[in-house]
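The block underneath contains the structure these notes are about, expressed in structure tokens.
Quick caveat, the model's predicted, so the values are computed rather than measured.
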Amino acid sequence: MKFDTPAGTNPIDRLKVVGKATDRIDGPFKTTGTAPYANDWHDPQAKLAYGVVVSAGIAKGRIAAMDLGAAKAAPGVVTVVTAETAGKLGKGKMNTAKLLGGPEIEHYHQAVAVVVAETFEQARAAAALVKVTYTSEKGSFDLSAAMDGATDPGDVQGSPSGTAVGDFAGAFASAPVKLDQRYATPDHAHAMMEPHASVASWDGDKVTVWTSNQMIGWGVRDLALTLDVPKEKVRLVSPFVGGGFGGKLFLRSEALLAALGARAAGRPVKVALTRPQMFNNTTHRPATLQRIRIGATREGTITAIGHESWSGDLAGGGPEASVMQTRLLYAAPNRMTALRLAVLDLPEGNAMRAPGEAPGLMALEIAMDEMAEKLGLDPVRFREINDTQVDPEKPERPFSQRSLVACLHQGAERFGWAKRAAKPGQVRDGRWLVGMGVAAAFRNNMVLKSAARVRLDGNGIVTVETDMTEIGNGSYTIIGQTAAEMMGVTLDKVVVRLGDSDFPVSSGSGGQFGANSSTSGVYAACMKLREAVAGKLGFNSADAVFEDGQVHSGNRVVPLAQAAAGGDLVAEDAIEFGDLDKTHQQSTFGAHFVEVGVDVATAEIRVRRMLAVCASGRILNPKSARSQVIGGMTMGVGAALMEELTVDKTRGYFVNHDLAGYEVPVHADIPHQEVVFLNEVDPMSSPMKAKGVGELGICGVGAAVANAIYNATGVRVRDYPITLDKLLDGMPEAA
Amino acid sequence: MVGASAAATLVAVPSAAGARPAATDAPVLAKVALTVNGERHELELDTRTTLLDAVREHIHLTGAKKGCDHGQCGACTMIVDGRRINSCLTLAVMHQDDAVMTIEGLGKPGDLHPMQAAFIKHDGYQCGFCTPGQICSGIAVLAEIKSGIPSHVSADLNATYEATQNEIRERMSGNICRCGAYSNIVEAMTEVAGRQA
């Protein structure tokens, strides 16, 4: 099905199942330990062996020698695979560094071997016996030092790395009120709870990998490319993903090493990265240095806005596109953005939840707060003044929907924003200095081709199969809801099967495109199944109404199941998107409100209240969508207050590579969180009229926290995370 | 247990007194019997096997998860002799005759423990990977509060404790949820605590 004209009224609009707050249909499995994650795979017939990854102890250089003798002689060892013994390997399209390094080492903890043994304990002990001698080379590990040598990376995923509209320099120079500030965001780790894990098993020349991957189609392609086999010889199975946040978009080393280990061992092999390996072996969100310039009239109309961002990556990698939201968020006739990329020999940078916007808004939305203060304007009002309903670079191009101002107003009302003291450092609650902050949330709505297969059986059960993944985003449930709505059955009559490359290729989960794209694919397949059902029952498919487990047309009513009495009916289709996302800018909007308390003596920061108001198209399942948003808000608190991969600038690696050193929010850090969805449908987006929310939830949160801290204390920190040591010197005198 | 493992150890330890077995030596095996979810399992394990790996890889109950394997995340939480522990931080051979409760022992789809049902109702999870640990910890936390065990945020060591949001958040902070379901988990636990009160 081609989606190239705005959606009219369709069966989803009945909203008998879609749009209702629905308990997750996979909930009974997740809560009882019976949902199978990659590392849980077990076959009593298979003699499973265990692989442990050996990872490089230098950041850049070459392996001079590898002594595998002791490891191979260790008890229980079945095989050891290195780049030297692995056979010819290619590289996946989404990988920058090789997944199995050697002799060249491209980053610290790059995998250099997998040791396979009868038991996990034996493999771990033997892996420690692998002796690697390196020839180190000098690397570049310091972004601020490499900044001056950074270059224009060219187009970034189809968008230019630099933009210019009007006369930014002139307008900024002549603006009566202006801001020119620099901001820094550190490297972030996805730190999903499930370590990268895979079990591989070969049957002749075909390999099946039970894995944990957000994008099954990409994974199959890249494993086939890396193993140098046709992709028909690769099957990935990933029914449950224990968190990804972008860290499992790509084929990673453990899947490759499980496949290589299993081929060498001649039996199934299970490989999981250890937690301390994950931070340097896999990808991360790159640090950014950003400069923002805003010029405005004294009344608060922005006349010039400029945003530049510097980040680093391995040679051949890409930039963190932190300026993209600034092209679209606020009106101004004179504008510029620029991305610059430095070569760094740190581990590979790549997408993490809301790549670009998350760190970009952490800077831009502090800048807006600073500018509002300079202008003597309320920060909500300042954003309202500079709202735009069209793409500011191409005014002929409207937003399909844009309710930023409504989000800000409704949020301000609900949060009690009117009680905020404009002057910082004024509000006390016992030992706490209390402040409120606001930030706009913005994330583009991407759509990707997505296919599904639906089957109706003689019992009236509808089974959906698609390689879409469940990463916590609620895919099982919204896909089930979509099929139930389309076929006119209750949710308990739908079976959803996901995450298997034997199923039609979906959008996968990422970039908050998954919910809208994958349910649209199910919609397309269900439209075909409805035609097949109508044909079987002798109805005109255009007139047939699917409702209450029956098909109605005129005076005739037939049970749906009857259409499959003579055998299952199967339909498969894909949704393909035309150019509505080109003619109309499709984005999601929100407003985050945060209240913090800062201990007047110690500068300890506690988040006291959080509210998000989101406008994001039709919300398919308000229950799981709300969870997506509070999850983003929680990760946003982490980015604001604690998350930072600390770079060893001499040896070139992330030092704090475990969950004790890389702190993420825990229960005690997070208050009750409120989320409001505006009632929005977007017919430009898809037949579902939905958009994503999974990344919108994190966008702007960090700045809202930072602005609240400023409002509480009067200390402006522009270098994340905002830890108490950065506040102490500027704190008001403890009274 | 002491007898069995000591005997096995003596066989493997080199003659030099106090020397640790080298990694190249044959693994030291020991017999251990665990009662997991009411069922007795007699195992012969490499003494380096953690309780978590014994239950996951040898008994094939994979509900408890390995999120970090060194006590930093809580995904492996089990209830052993009535107390929650990080099962990755304890060796299986230390648990001879212990009663181990895992997520699978609490309830099944269609026959859920009230805490499992409350997690579903309040959407106290997203990806589900930390969920078995959160639920085991959640049940144990309410029992700790009931039995008068104080926490860091308990103001009065001699008072009785209530399952306030503050107490729940403090006591649950060893169970990380990167998806960020904390707000919903606290609601689920509060509801279960209310039922118990």
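Residue A:Glu604 places its CD atom among more than 12 non-hydrogen atoms of other residues, nucleotides or ligands, all under 6.0 Å distant. Taking a 6.0 Å sphere around NE2 of B:His152, one finds it holds 12 or fewer heavy atoms contributed by other residues, nucleotides or ligands.
Here OG1 of A:Thr32 is found 7.0 Å from CD1 of B:Ile103. Values are rounded to the nearest 0.5 Å. To the nearest 0.5 Å, atoms CE (A:Met635) and SG (B:Cys179) are separated by 7.5 Å. B:His122 contributes atom NE2, which lies 10.0 Å from atom CG of A:Asp23 (distance to the nearest 0.5 angstrom). Separating the CD atom in A:Glu194 from the SG atom in B:Cys127 is a distance of 7.5 Å, to the nearest 0.5 Å.
Taking all atoms of both residues into account, the shortest heavy-atom contact from B:Ile120 to A:Lys623 is O-NZ, 4.1 Å. Across all non-hydrogen atoms, the minimal contact from A:Gly33 to B:Pro132 is CA-CG, 4.3 Å. The two residues B:Ser173 and A:Ala668 have their closest heavy-atom pair at OG-N, 3.0 Å.
Looking only at side-chain heavy atoms (C-beta outward), A:Phe120 and B:Asp69 come within less than 4.5 Å of each other. For the pair A:Val666 and B:Met172, the minimum side-chain heavy-atom distance is 4.5 Å or more. Residues A:Arg124 and B:Arg48 have side chains in contact (heavy-atom distance under 4.5 Å, counting atoms from C-beta outward). Looking at A:His42 and B:Thr62, their side chains never come closer than 4.5 Å, going by heavy atoms from C-beta outward. Within the 4.5 Å cutoff, the side chain of B:Cys73 has heavy atoms near those of the A:Met193 side chain. Between A:Lys30 and B:Phe129 there is no side-chain heavy-atom pair separated by less than 4.5 Å. A 4.5 Å side-chain heavy-atom check between A:Asp658 and B:Cys68 finds every atom pair outside the cut-off.
For the residue pair B:Glu57/A:Tyr50, the side-chain donor-acceptor check at 3.5 Å is satisfied. Side-chain contact check for B:Gln134 and A:His667: at least one donor-acceptor pair (N or O, by modelled atom type) lies under 3.5 Å. Residues A:Ser627 and B:Asp123 bring a donor and an acceptor atom of their side chains to less than 3.5 Å of each other.
Ranked by heavy-atom pairs under 4.5 Å with chain B, the first of A:Pro44, A:Gly244, A:Ala272, A:Gly631 is A:Gly631. If you tally non-hydrogen atom pairs under 4.5 Å between each of A:Phe240, A:Phe29, A:Phe245 and chain B, the highest count goes to A:Phe245. Of the listed residues (B:Thr102, B:Val186, B:Asp53), the greatest number of heavy-atom pairs within a distance under 4.5 Å of chain A belongs to B:Asp53. Contact count versus chain B (heavy atoms, under 4.5 Å) is highest, among A:Pro665, A:Ser624, A:Gly243, for A:Pro665. Put simply, of B:Glu170, B:His70, B:Lys108, B:Gln165, the one with the most heavy-atom pairs under 4.5 Å next to chain A is B:His70. Ranked by heavy-atom pairs under 4.5 Å with chain B, the list A:Met192, A:Gln122, A:Met633, A:Met610 is led by A:Gln122. For the set A:Asp26, A:Asn39, A:Thr34, A:Thr119, the count of heavy-atom pairs under 4.5 angstrom toward chain B peaks at A:Asn39.
At distances below 3.5 Å, not a single donor-acceptor pair connects side-chain atoms of B:Thr131 with backbone N or O atoms of A:Thr31. Panel note: side chain B:Arg169, backbone A:Asp669; no donor-acceptor pair is recorded below 3.5 Å. Panel note: side chain A:Gln673, backbone B:Ser183; no donor-acceptor pair is recorded below 3.5 Å. The main-chain N or O of B:Gly67 is found under 3.5 Å from a side-chain atom of A:Arg275 such that the two form a donor-acceptor pair.
Heavy-atom distances place both the backbone and the side chain of A:Ile630 under 4.5 Å from chain B. No part of B:Leu106 comes within reach of chain A, as not one of its non-hydrogen atoms sits under 4.5 angstrom from that chain. At a 4.5 Å heavy-atom cutoff, the contact between A:Glu470 and chain B is made by side-chain atoms alone. Only the backbone of A:Ala35 has a heavy atom closer than 4.5 Å to any heavy atom of chain B. Interface residue B:Ile176: backbone and side-chain heavy atoms are both found under 4.5 Å from chain A. Contact annotation for B:Lys65: only side-chain heavy atoms (C-beta onward) come within less than 4.5 Å of a heavy atom of chain A.
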Checklist entry - Can you list the steps and then say if B:Arg178 with A:Glu643 is a salt bridge (Lys or Arg N to Asp or Glu O under 4.0 Å)? => result CA-CA 12 Å; B:Arg178 184 58 161 162; A:Glu643 292 186 36; 2.6 Å; yes
